[in-house]
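No hydrogens, no waters, no symmetry mates; every other heavy atom, side chains included, goes into these values.
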Amino acid sequence: PTRRSSDLVSYVRFERLQFTLGVAGLRVAGTGLNPSVGITMKDCQTYSNSSVGIIMSTCSNLLVQGCSSWWNGGDGFTLLASNATVTNNVALWNGGNGLAISGWGSVDGNVAGSNNAWGIAVSGFFQVRANTSFRNYYGLYVGSSTTSALTVSDNECRDNRDVGLQVDGYGSSYLLDAVNNRSYGNGNDGLRVNGGALARRNVVFNNGGQGIRGGGGGEILRNNLIYSNAQWNVYVDGTGCATVFENNTLYGGNGLSLGYCCFGGKWFTNQNNIFRVMGSGKAALEVRTWPVEGFVSDYNDYYVTDGAVVANWQGSRPTLSAWQQITALDPNSQAIDPRFVDPSTNFHLRSASGSFRGAPFTAPGGGSFVNDADVSFCIDAGNPGSDYTLESAPNGGRIDQGAFGDTTDASRSPATRFSLLVEPQPGATWFGTRTITWLTRGPWVGGDMVKLEFSADGGVNWSNIAASLD
């Protein structure tokens with residue numbers, strides 16, 4: 001058939017049919033008092049219609065599976081249904097959205113590409129899993145209109161002209177959980193998180209705007225890997241700026257910016273993160289306005305090189321100590337090389353007891369743990385009060401900094417003792433009384449001793465500074 005319109009029908013099955021050259025390929029519509037019930041559409045094709053490929057409105061118990069919709073003037077699929085299952089469909093080259101879905105149910109395993117609006121746009125209460133949205137104007141949108149928990153997981157959003165993935169929660173209740181998604185190569189922001197949503201274990205990279213843009217409305221951004229985005233790896237704005245930002249790894253480009261409407265980090269928590277920033281004009285942290293009411297920042301690693309600075313606030317704060325002195329924040333943070341396994345391909349922390357070789361957030365089944373020659377001092381460096389119980393043994397009884405802290409991907413704590421001299425740095429010249437600082441990792445216990453020595457001839461001869469310090 002070339003076109004079909006069916007109103008107020010129920011318990012109808014469409015299978016292996018083609019709908020083409022109509023205004024709409026297929027239209028099924030119920031009413032509020034008389035919804036269409038039990039509609040099944042499997043393995044159908046709809047293409048070259050002047051408006052929507054498939055439109056189903058006011059339906060319940062809807063199944064749309066294995067269908068394709070392309071080259072339509074409007075949306076490929078427009079579906080308004082309760083208890084809907086939308087799975088393994090394909091929407092390509094449509095003039096509107098690839099799939100526009102509202103109501104409640106599940107949206108799984110669909111592919112949308114080269115559509116002129118959203119690849120996939122979902123509103124209501126849906127579990128949204130394992131979809132791919134690529135080369136559309138926008139990638140994947142999920143907006144919650146319920147206080148019930150829903151999950152947006154394992155989706156891939158790539159090479160869209162504007163934003164890759166956007167999730168809008170239903171208030172600051174953290175019930176919309178965006179987890180294990182990948183968003184990369186998009187022309188604007190990789191991931192936008194609004195309305196109190198939770199974003200965790202996402203990998204966001206090589207986007208043309210911000211990596212993650214937070215709405216400042218009670219969101220939680222936790223355990224995300226964000227790198228090489230064109231603007232800020234993470235940008236948070238909004239009138240309240242109430243955000244928990246913890247255990248993320250930011251690499252390349254700029255780090256974290258708290259925008260002009262963010263009131264200087266009001267009610268913002270920044271802890272257990274790794275910031276690796278390099279290059280002139282770059283900054284690990286930017287606070288555009290101030291006060292610091294409720295601003296908590298500590299137990300982070302700020303490693304900046306090649307002209308980058310630790311922070312910008314009322315001028316440049318090039319070092320961690322300069323930032324600490326002006327703000328009294330980050331008293332337990334550090335500024336050391338995080339020692340990634342491979343900063344181009346693997347952002348797990350090196351460990352002599354084993355670091356994970358595999359895709360991010362896939363341990364233990366997605367790869368294996370391999371012993372390294374040295375150890376990262378970002379291991380066991382997070383807030384002692386943070387949960388670490390998901391880290392495999394040996395875990396040191398303390399959370400790691402960075403994206404993999406308190407996950408099964410976390411590098412294992414060293415079984416032997418390591419130490420790292422932090423101050424003075426090689427080549428430094430000191431005058432007066434200064435504090436020598438070093439870090440330890442591994443099974444140190446109270447009463448263990450260290451020996452401090454210095455060399456005045458380039459390491460040929462050594463003399464004690466202090467012989468027995470615990």
Side-chain angles (χ1 to χ4, degrees), residues 120 122 126-131 133 138-144 149-158 160 163-184 186 188-207 209-227 229 231-238 240-251 255-259 262 267-275 347 359-362 386-387 390 402-407 409:
I120 304 173
V122 181
F126 285 89
Q127 307 299 326
V128 182
R129 298 177 291 253
N131 301 282
S133 189
Y138 309 101
L140 169 61
Y141 172 81
V142 181
S144 171
L150 62 89
T151 301
V152 180
S153 64
D154 301 294
N155 301 286
E156 182 173 293
C157 303
R158 59 177 174 84
N160 298 286
V163 61
L165 171 61
Q166 179 170 333
V167 293
D168 290 350
Y170 189 69
S172 57
S173 52
Y174 318 131
L175 294 173
L176 194 159
D177 185 5
V179 56
N180 290 332
N181 302 287
R182 287 168 54 86
S183 185
Y184 59 94
N186 300 289
N188 203 330
D189 302 337
L191 171 59
R192 292 177 183 165
V193 186
N194 301 304
L198 166 63
R200 60 190 179 95
R201 303 186 187 184
N202 300 289
V203 182
V204 182
F205 60 99
N206 290 346
N207 296 287
Q210 324 290 354
I212 296 179
R213 180 188 288 266
E219 295 79 30
I220 294 179
L221 310 178
R222 176 186 293 137
N223 293 115
N224 299 288
L225 175 58
I226 315 123
Y227 61 95
N229 296 286
Q231 297 185 26
W232 289 88
N233 277 311
V234 178
Y235 178 86
V236 178
D237 212 336
C241 200
T243 300
V244 174
F245 185 70
E246 61 185 5
N247 278 106
N248 302 282
T249 294
L250 291 72
Y251 178 89
L256 167 65
S257 175
L258 307 184
C262 210
W267 307 307
F268 192 96
T269 298
N270 172 44
Q271 68 172 4
N272 302 345
N273 302 291
I274 294 176
F275 299 85
F347 294 91
F361 309 112
T362 61
S386 298
D387 190 12
L390 292 180
F404 306 111
D406 194 36
T407 74
D409 271 43

The side chain to side chain donor-acceptor pair (under 3.5 Å) partners of Glu156 (sequence neighbours excluded) come to Arg158, Tyr184
Residues passing the side chain to side chain donor-acceptor pair (under 3.5 Å) test with Asn223, sequence neighbours excluded, are none
Report the distance from atom [atom1] of [X] to atom [atom2] of [Y], rounding to the nearest 0.5 Å.
X: Arg213; Y: Leu191; atom1: CZ; atom2: CG; result: 11.5 Å
X: Phe245; Y: Leu250; atom1: CZ; atom2: CG; result: 4.5 Å
X: Phe347; Y: Leu225; atom1: CZ; atom2: CG; result: 6.0 Å
X: Thr249; Y: Asn273; atom1: OG1; atom2: CG; result: 8.0 Å
X: Arg192; Y: Ser183; atom1: CZ; atom2: OG; result: 10.5 Å
X: Asn272; Y: Glu246; atom1: CG; atom2: CD; result: 6.5 Å

Can you tell me if [X] uses its side chain to pair, donor with acceptor, with the backbone of [Y] under 3.5 Å?
X: Asn248; Y: Ile226; answer: no
X: Asn207; Y: Asn186; answer: yes
X: Glu219; Y: Gly196; answer: yes

Exercise: identify the closest heavy-atom pair between [X] and [Y]:
X: Gln210; Y: Asp189; value: N-OD1, 2.8 Å
X: Asn202; Y: Asn180; value: OD1-N, 3.5 Å
X: Leu150; Y: Gln127; value: CA-NE2, 3.5 Å
X: Leu140; Y: Cys157; value: CB-SG, 3.6 Å
X: Asn160; Y: Ser133; value: ND2-O, 3.1 Å

Decide, yes or no, whether a salt bridge links Arg200 with Asp177 under the criterion of side-chain N to carboxylate O below 4.0 Å. yes
With the side chain counted from C-beta on, respond yes when [X] and [Y] share a heavy-atom pair under 4.5 Å apart, and no when they do not.
X: Leu221; Y: Ile212; answer: yes
X: Phe275; Y: Leu256; answer: yes
X: Phe268; Y: Val236; answer: yes
X: Pro360; Y: Phe404; answer: yes
X: Asn229; Y: Tyr235; answer: no
X: Asn194; Y: Gln166; answer: yes
X: Ser386; Y: Asp406; answer: no
X: Val163; Y: Tyr141; answer: no

Fit a plane to each ring of Tyr227 and Phe205, take the angle between them on a 0 to 90° scale, and name the class: parallel (under 30°), tilted (30 to 60°) or perpendicular (over 60°).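 Rings of Tyr227 and Phe205: parallel, under 30°.
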Among Asn131, Asp154, Asn155, find the one that has a side chain to side chain donor-acceptor pair (under 3.5 Å) with Asn181. Asn155
